[in-house]
Amino acid sequence: MEEVDKILIHSLRQTGTDVGKDVQSVKHFTSELIVEAVVRCLRVIDSTLGSGLSPSLPPGMSARFRVGMSLAQACQDLGYKGEIGYQTFLYSNEPEIRSLLMFLVEKLPKESAEAMDQPAGKSAILQKSIAAQIKAQLSIPWLPPSCRLPLLSKTQNPGSWHSFHSHNLSLPYSLKVPGKKPLKEEMDYRKDFLPPVTAQPSQHASVPASLLEQHAGELSAAQEWENEWNSQGLLSRLTPEEYRSRKRARLQKRIEEQLRTATQPRPDTLGVHRSGSDLTDLLQSFGGSTVAGDILSKGTRFTHTEKFTFTQEPEKAAQQMAAVASSLPSSHQSEEDLLASLQRQLQQLSLSLEEVGGDMRQLTVSVHQVSDELKQKELSNAEKEDSVRVKKQTIDLLPNAEDNLVKLQALVEGSAKRVVNLATQWENHRAPLIDEHRRLKMLCSNREVESSRKLSEIKELHDKIRQSAEEAKKKEGLYKQLITEFESLAKDVNRSAYTMKILEIVGNIRKQKEEITKILSETKDLQKEINSLTGKLDRTFAVTDELVFKDAKKDESVRKSYKYLAALHENCTQLIQTIEDTGTIMREIRDLEEQIETENGKKTVSNLEKILEDYKAIRQENSVLAAKIRDA
Amino acid sequence: MKRSSTERINLVSLAANVSYDASTFNYYNNIRVLLIPSFNLTNIADIKTHDNVMGNAAAETQLMSSIGLIEKDLNGDTLWVWCYPSVRAELREVLLNKCCLTQDSQGLHTFVFSQFCRTWYYISTVEVQEPTALNKVTHFSVVVTAKDFNPEKYAAFCRVLCRMYMKQGSPVKMMEGFIAVLTKGICKSDENGSFLIKDYDVRKAYLAGSVKDVVAQFGMETIILYTAVMLKKRIVVHHPRVEALLEFTRALPALTWHRKDWSILHPYVSLTDWELENLKTCTGYVAGFVDPEVSNRSELFDVFVNLQDREITISQNAKDAMAMGKLHKEIGTLIVQSAGDADRTEGQVIKDISVKTREILASLASLVEECENSKITLDTLKQCHFPPATENFLFHLAAAEQLLKI
């Protein structure tokens, strides 16, 4: 029981109970100590349950009684099955208290146990409070000083800040164009004129901000590039430079399109055209800086039309307005005349418009006809020219027709043969070349397949690397966490001692078990022996009985001896029975004695006496109180 | 003595000019055609020594201009591997594009033909199945370009060439056949007899398209097609299947039989810059497209025929010229009646339409005779007091027939 008590006491100390050094086992626990231990445990297990209980025992009997009852109630609420009442705390007996404490210690939550095993000195408390304060402040979102409520300004540093104001820093190297060599003038400038970074911002205070900003910018750019290159760039099979330039061109095009649609002129708002053309100018200059020429040309055409439509219209409108204004009659009388004349003019105009339209249609048709005719003529001319050329040569050959025909035939046959011959020769060259081409192509495609396979492998590897890195990171975190845990645990030297003790206990138990099994086997052996002896006895008796019974028929003396034998057997059986009964009774007696001992251990009588005394005390208190009331 | 020297010079210059292409043979054939009558005068027996085949073939052989070979190999590449004589780079591009071997998604088209820059091309494609000399080739196409429209002739010739190439695995044999056709008009094939060029008359090719089928599909709406072809308008036909396009489009020029102009036909056009550029140079045409995108390209057509859905659309700017009247109804009824008659052959249907067309043209011609310079003006037409639709039609027809005074 010593080990159990030690563990219990240790756990209780961790819950904050002040167990004195001289207290070595549960036996030495005083009522005050028990109450305190139970209350502390309850507080740790369930703060609401334990909050209403005070760890110290009040002097008054009835108050003590109440405390005991409420403690018992709390324990039962927690699920304690054993017998419990107020007397358990006030008039403790060892096994009950031990089982109760064991129950409570088991109920203790693990984390709190962990939290509680920090050394509870003054410095620890200070550190704890500091940690709690920091935690609380971290949970509040940070607000810029101007938005802070007075409440917050207490917790968030109200001192003088430098606002986070960064400047662009000029550095003698550039991440953005890694492959590009700087110009000589640039180098000179950097060498001779460029101030150090600390002198570059206008205010000294913004140096760290600028540096941080610069660094963060470069870091994120590099990271982003790496991500993109790994995910898309590698698959595109371009060199990084090519990929970059292509992406740039694409982005420029998109921006341009966006701008163009944004500047698309709206017919109702003439006034906007100024800004629109500004934008298109900008677009043009933007396009000018790009490498692609076609974009440039597109831009210019666009701006031309833009300028054309928009510079013309206001002027025209102004002219028309002026014309109308000048034609406005000075008096209202002539208005009707004017209307009539205008109508006439309108009719005339529409008539002429129709006429012109008809003419135009006719002319388009004629134009169609003419162009068609022209084309046909051109074609027939070309054909005729050809035939004329052939015929001319033929006519030249006509005079000596027969000869020439033979010659021509020979020529044709000869050239046909030559052509075929040449074709065969060409075929000799062509076929291997084509074969070679196909072979190389096959090789190439094979390589391509191989490379794409490798690429996918690389990608897979990349993924794996990333995964592994993440895993490593995770494990590192876990490792760190465990290290800190371990460090916090390392202070607890008792741990190894506990393990040792537990191991010892386990060893003891094993030894005991072995002994028990030994005894058991011995008992079994004994039983077996008894059984065999009983059997032997029975058999012997039966044989003897038979023999004697046979002789008894013949001889009177033998008959007597047979009677004696029977009596002997009976007596012996009785004897054995009696012995067995004695054994049983002895066992019972032992059991009872044990029970008496345990009952004695519970100090029931003295407890009862004490309870009786308590009762008396309460009654006395009550009568005193009643007398006081009466007096009052 | 003097004469013979000039002859020699001519012959030498001719020989020097021989660039081993079809033109040499063209010279030869022409000369022969021209020379034959002279034989006729000098010695009648000479004619009999010339076999008839040569004489007849001579007039046509010169129309073939080149022969090419496209192969698709095990790598999946389609290569222009051989040709004789040379083929212009852009034409080669078009041919490769048209060859079904370069189009992955589509199936095998055994025979396609179309026109590019007044050159007709005929592509016949074969899959190499049994093990032959062509061990790295899965498919090949034989391409023949010519000046004339005659799909049946060139289909037959291509078949012969394909069989030759499949068997020999070398284009030399093919070239021999080509030259034999150029010079003699005959190509001996190992199986199924010989290929005789005289078997394929151009009139047969013209009559091969079925007007009856067109009418069966479009009924009275055929009159729109008739009017469009008559007025030399731009007709675009769309069908996802090339074969349907080839079959349908070739019948349309037959509606204007009096012109016998099949050069307006472009049965298989893709939406590529080269071909569209070429198409733009033509005044009126019948063009077939497989790409459905063509329906959005309204600048390409006056009349759009969706063959699959049997829909004919007239574009907005051609509505004026294509206005229909009583005359059209009359012609339309005639066409539908003639084509609907089961007893009438294709030739008779075409003839019926042609007779009607001639009637109209004759009436137009009679008007023309009255005018000076044999040209007509809108005013002359107006004096005749035709119904407005007829007047409009006649006016545009006059323009199409080049009878308009400018």
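What's counted below: heavy atoms across the whole structure, side chains too, no hydrogens, waters or symmetry copies. Lettering of chains follows the sequences in order, A, B, ..., and the numbering in each one begins at 1.
Only the backbone of B:Ala398 comes within contact range of chain A, judged by heavy atoms closer than 4.5 Å. For A:Leu379, the part sitting under 4.5 Å from any heavy atom of chain B is the side chain, from C-beta outward, and nothing else. With a 4.5 Å cut-off on non-hydrogen atoms, B:Lys232 touches chain A through its side chain but not through its backbone. Interface remark: B:Thr281 contributes backbone atoms only to the contact with chain A (heavy atom separation under 4.5 Å). Contacts between A:Glu427 and chain B at a heavy-atom distance below 4.5 Å involve the side chain alone, from C-beta outward. If you measure heavy-atom distances from A:Arg438 to chain B, the contacts under 4.5 Å come from both the backbone and the side chain. Using a 4.5 Å cut-off between heavy atoms, A:Lys441 touches chain B through backbone and side chain atoms alike.
Closest approach of A:Gln369 to B:Ala399, counting heavy atoms only: CG-O, 3.1 Å. Across all non-hydrogen atoms, the minimal contact from B:Thr283 to A:Ser371 is CG2-OG, 4.0 Å. Residue A:Asp372 comes nearest to B:Ala400 through the heavy atom pair OD2-O, 4.3 Å, listed as atom of the first residue, atom of the second, then distance.
The CZ atom of A:Arg439 sits 7.5 Å away from atom NZ of B:Lys136, with the distance rounded to the nearest 0.5 Å.
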* To do: Begin with the C-alpha distance, continue with both residues' side-chain angles, and end with the deciding distance and a verdict on side-chain contact (heavy atoms from CB on, under 4.5 Å) for B:Tyr84 and A:Val419.
  => CA-CA 10 Å; B:Tyr84 174 85; A:Val419 165; 3.3 Å; yes
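No side-chain heavy atom of A:Ile434 sits under 4.5 Å from any side-chain heavy atom of B:Trp82.
Residue B:His266 places its NE2 atom among more than 12 non-hydrogen atoms of other residues, nucleotides or ligands, all under 6.0 Å distant.
Each of A:Arg361, A:Lys375, A:Gln376, A:Arg430 has some count of heavy-atom pairs under 4.5 Å with chain B, and the biggest count is that of A:Arg430.
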